[in-house]
There are 2 protein chains.
Amino acid sequence: MKRNSRLSLALHTLSHMAGEPDRVRTSSDIADHAGTNPVVVRRVLGRLREAGLLTSEKGHAGGWRLARKPQEISLADVYLALDERLVASDEISEAPACSVEHALQKRVSGVLEEIEQSLVQKLSETSISEVRDA
Amino acid sequence: MKRNSRLSLALHTLSHMAGEPDRVRTSSDIADHAGTNPVVVRRVLGRLREAGLLTSEKGHAGGWRLARKPQEISLADVYLALDERLVASDEISEAPACSVEHALQKRVSGVLEEIEQSLVQKLSETSISEVRDA
DNA sequence: ATACATGTAACTTTTGTAGTTGCATTGGTC
DNA sequence: GACCAATGCAACTACAAAAGTTACATGTAT
Ligand code: FES
Ligand code: FES
């Protein structure tokens, strides 16, 4: 796992969970399977919990579980939960004093924003349960 | 300049050049203007030269010049010359032994590749001369 | 009480990129 | 020919973002 590893990890994990929705998984199980560290798993899945895609329970027999039916979790849900913005950048234009810079920024940002939207749109058309039979 | 700084630098510079196509600019001039280093400028513009967008001349009175009319250089030309792939990744899937991993990879990569294409398409609709009057 | 899980903060390691330095090469100018 | 000013390029350093790691507090079933 290298680039977009957060997204990879999240999708990978959710895909597995979509297969056996009732099974509870610990961060360690997931980390072992994904070849990473439990803390990293908790960091990533924590985002998904905040977004309402997963639930977690502490203590003995605790762990992670899907918060909804797998059919109701789209790839876009995951993408957005992680605050990924593969295309557009969130940066505020610092000092667009010059008009050329300003025009350029405006035009390019516009295109990127459109593309970002259509990416989310495309991702929303697939659920994590569908992905297994691609 | 932070993220996508290569692309920013390239577009910024070309936009200026589109304004005064006949003027020769040195790496130092450009670097001063963009708040960076001449060597960085040469690295980035070198890519554009390889792609046939710019020419450079050594020696006294040398420097950079547009290789084509500004109307004939699109944002996509620049994007592709820099080998930017904002959306899709070029990585070879390492060991897609597992079927779930495989399916996931296939589906997601597919979407990303589509989006990458439509980004290039959108960028190809604007030339560096148009961008000034946006 | 104990064992096992998450939650989180702080630190270290890794990695990609910009920035820098130094020098060879080329081509005008005197 | 001597000199100056430009690119070309390689090697190194500096920096920042992300992953990975360690340590510990908190919660919960048995
Ligand atoms: S400073 Fe305005 S475009 Fe260069
Ligand atoms: S998807 Fe997890 S190992 Fe195959």
Side-chain angles (χ1 to χ4, degrees), chain A residues 1-13 17 23-67 79 81-86 89-91 94, chain B residues 1-13 17 23-67 81-86 88-91 94:
Chain A
M1 296 212 176
K2 293 176 185 177
R3 191 190 166 200
N4 295 332
S5 60
R6 288 193 302 272
L7 187 58
S8 294
L9 173 58
L11 289 176
H12 184 166
T13 303
M17 287 179 155
R23 177 169 154 207
V24 179
R25 286 152 214 264
T26 69
S27 303
S28 291
D29 291 346
I30 297 167
D32 287 347
H33 182 76
T36 183
N37 190 288
V39 177
V40 174
V41 170
R42 286 198 276 270
R43 277 210 283 253
V44 172
L45 299 194
R47 301 281 203 101
L48 304 185
R49 183 191 53 229
E50 288 167 22
L53 306 182
L54 290 176
T55 60
S56 64
E57 277 177 32
K58 291 182 172 184
H60 202 133
W64 299 89
R65 210 188 300 257
L66 290 180
Y79 180 83
L82 295 176
D83 281 319
E84 293 276 358
R85 303 205 64 186
L86 251 40
S89 64
D90 308 309
E91 297 165 28
E94 299 173 2
Chain B
M1 294 212 176
K2 296 175 183 175
R3 192 190 164 202
N4 294 333
S5 60
R6 287 192 301 272
L7 187 58
S8 296
L9 173 57
L11 290 176
H12 184 167
T13 303
M17 287 180 156
R23 178 169 155 207
V24 179
R25 286 151 214 266
T26 67
S27 303
S28 292
D29 292 345
I30 296 167
D32 287 348
H33 182 76
T36 183
N37 190 289
V39 177
V40 174
V41 171
R42 286 198 273 272
R43 277 209 282 252
V44 173
L45 298 195
R47 301 282 202 101
L48 304 186
R49 183 191 52 228
E50 289 168 20
L53 307 182
L54 289 176
T55 59
S56 64
E57 279 178 30
K58 291 183 174 182
H60 202 131
W64 300 89
R65 210 188 299 259
L66 291 180
L82 295 176
D83 281 318
E84 293 276 355
R85 301 206 54 166
L86 251 40
S89 63
D90 309 309
E91 297 164 27
E94 300 172 1

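Chain letters run A, B, ... following the sequence lines, proteins first and then strands; every chain starts at 1. Small disclaimer: the values here were computed from a predicted structure and weren't measured.
If you take CG of Asn4(A) and P of dG16(C), they are 13 Å apart, rounded to a whole angstrom. The interatomic distance linking Leu45(A) (CG) with dA5(C) (P) rounds to 15 Å, in whole Å. Between the CH2 atom of Trp64(A) and the P atom of dA5(C) there is a distance of 14 Å, given to the nearest Å. Between the C1' atom of dA18(C) and the CZ atom of Arg6(B) lies a distance of 10 Å, rounded to the nearest Å. Put simply, CG on Leu7(B) is 11 Å from P on dA18(C), counting in whole angstrom units. Going from atom CD of Glu57(B) over to atom C1' of dA6(D) covers 10 Å, rounded to whole Å. Rounded to whole Å, the distance from CG on Asn37(A) to P on dT13(C) is 15 Å. Arg47(A) has its CZ atom 18 Å from the P atom of dT6(C), to the nearest Å.
The side chain of Ser27(B) places an N or O atom within less than 4.0 Å of a non-bridging phosphate oxygen (OP1 or OP2) of dT7(D). Of the side-chain N and O atoms in Thr26(A), none sit less than 4.0 angstrom from OP1 or OP2 of dA5(C). Contact annotation: Ser56(A) reaches the phosphate of dG7(C) (side-chain N/O to OP1 or OP2, under 4.0 Å). Contact annotation: Thr36(A) does not reach the phosphate of dA19(D) (side-chain N/O to OP1 or OP2, under 4.0 Å). The phosphate of dT7(D) has OP1 or OP2 within less than 4.0 Å of a side-chain N or O from Arg42(B).
Heavy-atom distances to DNA chain C give each of Arg49(A) and Arg43(B) a nearest nucleotide, and the one nearer the 5′ end belongs to Arg49(A).
For the residue pair Gly46(B) and Trp64(B), the shortest heavy atom distance occurs at N-CH2, 3.9 Å. Taking both residues in full, the closest heavy atoms of Val44(B) and Ala10(B) are given as CG1-CB, 4.0 Å, listed atom of the first, atom of the second, then distance.
In this structure the side chain of Thr36(B) never reaches within 4.5 angstrom of the side chain of Ile30(B), judged on heavy atoms. Met17(A) is listed as a side-chain neighbour of Leu54(A), based on a closest heavy-atom distance under 4.5 Å. Using a 4.5 Å heavy-atom cutoff, the side chains of Arg6(A) and Arg43(A) are not in contact.
Closest to the side chain of Val39(A), out of dT6(C), dG19(C), dA23(D), is dA23(D). Considering only side-chain atoms of Val40(A), the nucleotide from dG20(D), dT6(C), dT7(D) that sits closest is dG20(D).
Within 4.0 Å of Ser28(B), counting heavy atoms only, lies no atom of the nucleic acid at all.
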